[in-house]
There are 2 protein chains.
Amino acid sequence: MSLPHAILTALLEKPSSGLELTRRFDKSIGYFWSATHQQIYRELGKLEQAGHIRALPAPVPVRGQRKEYEVLPAGREELGTWVARSEDPKPMRAALLLRMRAAAVVGATGLRAELTRHLALHQEQLDEYLTIETRDFPPPRRHTEPDRLRHLVLRGGIDMERFWVQWLTDALTELGPE
Amino acid sequence: MSLPHAILTALLEKPSSGLELTRRFDKSIGYFWSATHQQIYRELGKLEQAGHIRALPAPVPVRGQRKEYEVLPAGREELGTWVARSEDPKPMRAALLLRMRAAAVVGATGLRAELTRHLALHQEQLDEYLTIETRDFPPPRRHTEPDRLRHLVLRGGIDMERFWVQWLTDALTELGPE
DNA sequence: CTATACATGTAAAGGGTTACATGATTAA
DNA sequence: TTAATCATGTAACCCTTTACATGTATAG
């Protein structure tokens, strides 16, 4: 039940339309939660029905017309409750590790190529996050708590990508050139 | 579509019943793919129908009676094909990071406690993996490829937990004592 | 004989993914 | 005026999660 709260957070940061939200999920929110536009539209509908958000008044609501949402007090309260909630970490799901374990049983055909490909993808993602860090959190750090929290979240994404880059590099070294 | 292949791998390592598989998923397979017994029974049914596995002949098949499965040649072939397949890494889903980002907006009530709790859980998991490593991959390493692959998979789990322990420790330091 | 653990399963609800449908706006 | 792009939405399918149902074997 995290998607609605991801949306509430995003809307509190800045009122947006469904498509704008989708784009922000592809970018900044994407490094810890992803969603497609279909999910987002469905969830926006539910949140509106629940009275947690509302569409900004439009002259005539028409399909295909941009619709901007903002969070209502009830929505902010709901988010506050959710933040204080306790939830166990879910085990990770890494198909690549599964493939590697299967490869130990049926043979590692093509595995090195796949590892190399993933290494490049994670390196690329890491570089992107580092660019964001340089841009949004330059050295003379502000010390407000919200800023520190946002920076910590980004560092989570960064360190996660570093983990993959490191592990994939080690794996390729250990497995050697075919 | 990874669960059936996780099951095929597990069954190739050792023919098992549904409940045994569930236990193995809770343990060794769990550090990169998890599944409940309901999922596993359903998937065993599908795999049997597809002709990828078969139940070992039982005198009289009765509900509540243990049923052991083994992989058929078609199943092994399917797994081989899947291993060679290419698949992009999925973005991570970490509700805790989402909570932290929400906390930057609505306030970090109770966040430190939750971080501390997660730190303990991840530290525990890390210790467990390290115990497994000591037991299953002792220093004089064998050099067969399957062994190296299995060890790499375990190290993936280990390094992932190390990432969390490190990040949570940093976060708690940075946020300070309330 | 009763409680407990073992073992297999069914049902329903929710979330995520993919494919498709449709209208509005803008640039060539 | 046509094509591309922006924008919102529906539908179907699959996977995961949670709750429940049922039967077998065993220990006290």
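Every chain is numbered from 1 and lettered A, B, ... according to where its sequence line falls, protein lines coming before strand lines. Note that the structure is predicted; figures quoted are calculated from it, not measured.
- Every residue two or more places apart in sequence or in another chain that forms a salt bridge (charged side-chain N to carboxylate O under 4.0 Å, His left out) with Glu70(B) is listed here: Arg54(B).
- When the salt bridge (charged side-chain N to carboxylate O under 4.0 Å, His left out) test is applied to Arg162(A), the partners found at least two apart in sequence or on another chain are Asp159(A).
- Under the rule for a salt bridge (charged side-chain N to carboxylate O under 4.0 Å, His left out), the partners of Arg24(A) that lie at least two apart in sequence or sit in another chain are Glu13(A).
- As rounded to whole Å, 8 Å separates atom P of dA7(D) from atom OH of Tyr41(A).
- In this structure, the ring pair (Phe, Tyr, Trp, His ring centres under 6.0 Å) partners of Tyr129(B), at least two apart in sequence or on a different chain, are Tyr31(B).
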Would you list the atom pairs, donor with acceptor, under 3.5 Å between side chains in residues 168-176 of chain B and any protein atom, with sequence neighbours excluded?
| residue | atom | partner | partner atom | Å |
| --- | --- | --- | --- | --- |
| Thr169(B) | OG1 | Val165(B) | O | 2.6 |
| Asp170(B) | OD1 | Gln166(B) | NE2 | 3.1 |
| Thr173(B) | OG1 | Thr169(B) | O | 2.9 |

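- Scanning for ring pair (Phe, Tyr, Trp, His ring centres under 6.0 Å) contacts around Trp164(A) gives His122(A), Trp167(A), with sequence neighbours left out.
- In summary, Asp136(B) and Arg150(B) do not engage in a salt bridge, as defined by a charged side-chain N under 4.0 Å from a carboxylate O.
- Every residue was checked against the salt bridge (charged side-chain N to carboxylate O under 4.0 Å, His left out) condition with Glu128(A), not counting sequence neighbours, and none meets it.
- Considering only side-chain atoms of Lys67(A), the nucleotide from dT8(D), dT18(C), dA19(D) that sits closest is dT8(D).
- The nucleotide whose nearest atom lies closest to any side-chain atom of Gln65(B) is, among dT8(D), dA25(D), dT18(D), dA25(D).
- Distance, Leu44(A) CG to dA7(D) P: 14 Å, rounded to whole Å.
- The stretch residues 18-32 of chain A touches DNA chain D through Gly18(A), Leu19(A), Arg23(A), each having a heavy atom within less than 4.0 Å of the strand.
- For the helix from dC1(C)-dG28(D) to dA28(C)-dT1(D), the end axes, each set by the C1' atoms of five terminal pairs, are bent relative to each other by 0° (nearest 10°).
- Put simply, CD on Gln38(B) is 14 Å from C1' on dT22(D), counting in whole angstrom units.
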Could I get a table of every N or O pair under 3.5 Å where one atom is in the protein and the other is in nucleotides 13-16 of chain C?
| residue | atom | partner | partner atom | Å |
| --- | --- | --- | --- | --- |
| dG16(C) | OP1 | Arg93(B) | NH1 | 2.7 |
| dG16(C) | OP2 | Gln39(A) | NE2 | 2.8 |
| dG16(C) | O5' | Gln39(A) | NE2 | 3.3 |

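- Sorted by first then second residue, the ring pair (Phe, Tyr, Trp, His ring centres under 6.0 Å) pairs that include residues 73-111 of chain B, not counting sequence neighbours, are His5(B)-Trp82(B).
- Looking at Arg93(B) and Ser34(A), their side chains come closer than 4.5 Å, going by heavy atoms from C-beta outward.
- Remark: His37(A) engages Tyr41(A) in a ring pair (Phe, Tyr, Trp, His ring centres under 6.0 Å) (not counting sequence neighbours).
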